[in-house]
K.L.:
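Quick one: this structure, given as structure tokens, is what I'll be asking you about.
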2 protein chains.
Amino acid sequence: MMELTRKGEYAIRGILYLASQPLGKVSLISEIAEAAEVPQTFLAKIFQSFAKMGIVNSYRGTGGGFTLARHPGKITLREVVEAVEGPIIPNRCLIEGGGCDRRGNLPCCVHEVWKDVQAGVVRVLDGVTIEQLAQKG
Amino acid sequence: MMELTRKGEYAIRGILYLASQPLGKVSLISEIAEAAEVPQTFLAKIFQSFAKMGIVNSYRGTGGGFTLARHPGKITLREVVEAVEGPIIPNRCLIEGGGCDRRGNLPCCVHEVWKDVQAGVVRVLDGVTIEQLAQKG
DNA sequence: GTATAAAAGACAAAAACGGTCCTGAAGGTA
DNA sequence: TACCTTCAGGACCGTTTTTGTCTTTTATAC
């Protein structure tokens, strides 16, 4: 249960490669894919998501590629994971805005527990930057 | 990401029904399914898992059915969820026993983070019993 | 213009999810 | 013994998600 998919795994590997490069250096997706050992076309999709979320900048044409959009110390693991996997939601009932009980419009009896789980996971992932991860190697 | 499946949702609903019944009362799967609004054959599979994990007792033949195997205050939400969804493992690397780094037999740089996530989730779910949930519900 | 590189979308195999159905086994009951 | 009840176990099946690939388009540099 609660398992990260390959996409999330690849996303982390890809962004960590960028973080390991000199700040501001533009990297090709082919280069990142090779270094991170991820299928190139799949990684391209992942980096599209990153670009949309403002985690990386993308440049087209000759000399194009990707750079981090911010200092790696300002990018959290949570952002990276959520960019490709969507928000961290242990149960649908957290989306339905409190009307999750089957007999009415109140929160179900597990609602608060899922909120606690969510908060716990978010706190851990928000507490780690890709700079910290990159330093560990 | 990290979403509970229907199976987990149904599992909780089913066990909560049992917890709401007089202690020791034997309930038919058909009765539980109707009360919990879950497809009966599907719920039957779920209760098979419960029985294997020692959460419920099952009895066959006339007068058979299911009872809780323990007092509801001694059954945690974690047990219920894990019985049907498997162990809480945010990343495969937690299974591989430390050899998750691509360049060798060491833990990867995110390993400790996943351990923290896992520990956090487990702590929350272990802190809630189905008795507590049943009282609220 | 032309080469380069990312963006976007269509497509597809494989796995997981969300069930159903059927047979068998175990336990009562007459 | 025969029969009925109830759970156990496995086969099956449609749908969705995952894990990609491939092709076309768009933006940019030279």
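Keep in mind it's a predicted model, so treat the numbers as computed, not measured. Naming convention: chains lettered A, B, ... in sequence-line order (proteins, then strands); numbering from 1 in each chain.
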K.L.:
Do B/Phe47 and B/Val26 land in one hydrophobic cluster if side-chain heavy atoms of ILVMFWY residues count as linked below 4.5 Å?
P.N.:
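No.
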
K.L.:
Is there a side-chain polar atom (N or O) of A/Ser58 under 4.0 Å from OP1 or OP2 of C/dA5?
P.N.:
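Negative; the distance criterion is not met.
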
K.L.:
If you find the nucleotide of DNA chain D closest to B/Gly61 and the one closest to A/Gly8, which residue's nucleotide is nearer the 5' end?
P.N.:
B/Gly61

K.L.:
Assess whether one donor atom and one acceptor atom, taken from the side chain of B/Lys45 and the base of C/dG18, lie less than 3.5 Å apart.
P.N.:
no

K.L.:
Checking side-chain polar atoms at under 3.5 Å, does A/Glu31 have a donor or acceptor matched by the opposite partner on A/Tyr17?
P.N.:
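Yes, side-chain donor-acceptor contact under 3.5 Å.
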
K.L.:
Is A/Phe66 touching bases, backbone alone, or none of the nucleic acid, heavy atoms closer than 4.0 Å?
P.N.:
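Counting heavy atoms under 4.0 Å across all strands, the contact made by A/Phe66 is with sugar-phosphate only.
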
K.L.:
Take the protein atom CD of B/Glu3 and the nucleotide atom C1' of C/dG18, then report the distance between them rounded to whole Å.
P.N.:
14 Å

K.L.:
For D/dT18, does the base pair up with any side-chain atom of A/Arg6 as donor and acceptor (N or O, under 3.5 Å, distance only)?
P.N.:
no

K.L.:
Taking only side-chain N and O atoms of B/Gln48, does any of them lie within less than 4.0 angstrom of OP1 or OP2 on D/dG9?
P.N.:
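Yes.
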
K.L.:
What is the separation between atom CD1 on A/Ile32 and atom C1' on C/dA6, rounded to the nearest whole Å?
P.N.:
11 Å

K.L.:
With respect to the side chain of A/Thr62, which nucleotide from C/dT4, C/dG24, D/dT21 is positioned closest?
P.N.:
C/dT4

K.L.:
B/Gln40 CD to C/dC21 C1': how many Å, rounded?
P.N.:
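Spelled out: CD on B/Gln40 to C1' on C/dC21 is 13 Å.
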
K.L.:
To the nearest angstrom, how far is A/Leu43 atom CG from D/dG20 atom P?
P.N.:
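Spelled out: CG on A/Leu43 to P on D/dG20 is 11 Å.
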
K.L.:
Do any side-chain nitrogens or oxygens of A/Thr5 fall under 4.0 Å of OP1 or OP2 in D/dT19?
P.N.:
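Indeed, a polar side-chain atom of A/Thr5 lies that close.
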
K.L.:
Can you tell me the distance, in whole Å, between the CD atom of A/Glu31 and the P atom of C/dA5?
P.N.:
11 Å

K.L.:
Using whole Å, report how far CG of B/Leu4 lies from C1' of C/dC17.
P.N.:
13 Å

K.L.:
Do A/Asn91 and B/Glu9 have side-chain atoms, one donor and one acceptor, less than 3.5 Å apart?
P.N.:
yes

K.L.:
Return the value, rounded to whole Å, for the distance between atom NZ of A/Lys7 and atom C1' of D/dT17.
P.N.:
10 Å

K.L.:
Across the strands shown, which category fits A/Tyr10 at heavy-atom distances under 4.0 angstrom: base, sugar-phosphate, nothing?
P.N.:
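Sugar-phosphate: the residue A/Tyr10, judged by heavy atoms under 4.0 Å, touches backbone atoms but no base.
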
K.L.:
Which part of the nucleic acid, if any, lies within reach of B/Tyr59 when heavy atoms closer than 4.0 Å are counted: base, sugar-phosphate only, or nothing?
P.N.:
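Sugar-phosphate, no base atom in range.
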
K.L.:
Has the side chain of A/Gln40 got a donor or acceptor atom that lies under 3.5 Å from a matching backbone atom of A/Ile29?
P.N.:
no

K.L.:
Whole-Å distance between C/dA5 P and A/Arg60 CZ?
P.N.:
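After rounding, the gap between these two atoms is 14 Å.
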
K.L.:
How long is the span from the NZ atom in B/Lys25 to the OG atom in B/Ser20, to the nearest 0.5 Å?
P.N.:
8.0 Å

